Amino acid sequence: NAGVTQTPKFQVLKTGQSMTLQCAQDMNHNSMYWYRQDPGMGLRLIYYSASEGTTDKGEVPNGYNVSRLNKREFSLRLESAAPSQTSVYFCASSDFRLNTEAFFGQGTRLTVV
Amino acid sequence: AQTVTQSQPEMSVQEAETVTLSCTYDTSESDYYLFWYKQPPSRQMILVIRQEAYKQQNATENRFSVNFQKAAKSFSLKISDSQLGDAAMYFCAYLSNSNSGYALNFGKGTSLLVTP
């Protein structure tokens with residue numbers, strides 16, 4: 001049971017570099033999400049995708065782009081990384097119409113220096 | 001977005017005792033879901049308990065129960081017979097449903113320390 005798989009688990013970037021965080025789920029869920037977690041701030045929603053082909057902004061979308069490549073995959077891209085984007089990033093998936101539970105990946109710890 | 005407030009950044013409880021974590025939320029919806037998630041040091045997000053707003057009965061899962069007060073928009077988590085393994089961050093979350101789909105909104109979390 002793979003569930004939600006995020007890659008990479010750790011990453012260090014220099015300011016201005018770009019990178020893409022990958023997320024894949026094998027539960028046939030319609031909805032996928034990207035969150036960032038900072039100390040004392042809880043999990044804040046960056047972007048989400050209610051279904052294949054759709055994406056919407058969450059609470060903190062600035063500096064990020066997303067792609068819902070297909071039903072399984074939802075990637076998060078940082079075009080020009082900034083130190084303020086140092087955080088732990090979580091991907092999640094769900095199908096709340098069928099089961100009121102979101103499943104989370106293990107997280108990616110990103111440091112921008 | 002709906003606001004979820006956890007007013008206790010840290011709580012401490014002795015093993016075998018009971019502790020209550022507070023959560024309030026702001027919404028204009030009448031039907032919604034509320035959740036408590038646990039995050040141990042491993043960073044894994046684990047669902048503890050969920051509550052449907054249309055159900056008056058408080059949800060219970062073994063040692064975990066909630067006190068859901070819909071009119072007061074309050075959703076507290078009670079942990080009975082606390083165990084060392086309960087030490088973790090606890091997040092309250094609200095499930096919103098808009099034209100864009102479902103989204104889970106989290107509070108800032110409460111760090112629970114369990115002492116022997």
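Remember, it's a predicted structure, so these values are computed and weren't measured experimentally. So that the names make sense, note that chain A is the first sequence line, chain B the second, and so on, each numbered from 1.
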Chain A contact residues among residues 108-116 of chain B, heavy-atom distance under 4.5 Å | B:Lys108

Would you say the side chain of B:Lys38 lies within less than 4.5 Å of the side chain of B:Met89, judging by non-hydrogen atoms?
-> no

Part of B:Gln39 within contact of chain A (heavy atom distance under 4.5 Å) = side chain

Count the heavy-atom pairs under 4.5 Å between each of A:Leu43, A:Val88, A:Thr55 and chain B, then report the option with the highest count.
-> A:Leu43

Side-chain contact, heavy-atom cut-off 4.5 Å: A:Trp34 with A:Gln6?
-> yes

4.5 Å side-chain heavy-atom contact, A:Thr111 and A:Gln11 = no

Heavy-atom side-chain proximity of A:Lys57 to A:Tyr47 below 4.5 angstrom | yes

Do you know which of A:Gly40, A:Ser31, A:Pro39, A:Ala92 has the most heavy-atom pairs under 4.5 Å to chain B?
-> A:Gly40

Describe, in one word, how the ring planes of B:Phe68 and B:Tyr25 are oriented to each other, choosing from parallel (under 30°), tilted (30 to 60°) and perpendicular (over 60°).
-> parallel

At a heavy-atom separation under 4.5 Å, does A:Leu45 approach chain B through its side chain, its backbone, both, or neither?
-> side chain

Any side-chain heavy atom of B:Thr27 sitting closer than 4.5 Å to one from B:Tyr32?
-> yes

Given a strict heavy-atom distance threshold of 4.5 Å, which part of B:Phe91 is in contact with chain A: side chain, backbone, both, or neither?
-> side chain

Side-chain ion pair, A:Arg77 and A:Glu79, N-O less than 4.0 Å | yes

Between the side chains of A:Tyr89 and A:Tyr64, is a donor N or O closer than 3.5 angstrom to an acceptor N or O?
-> yes

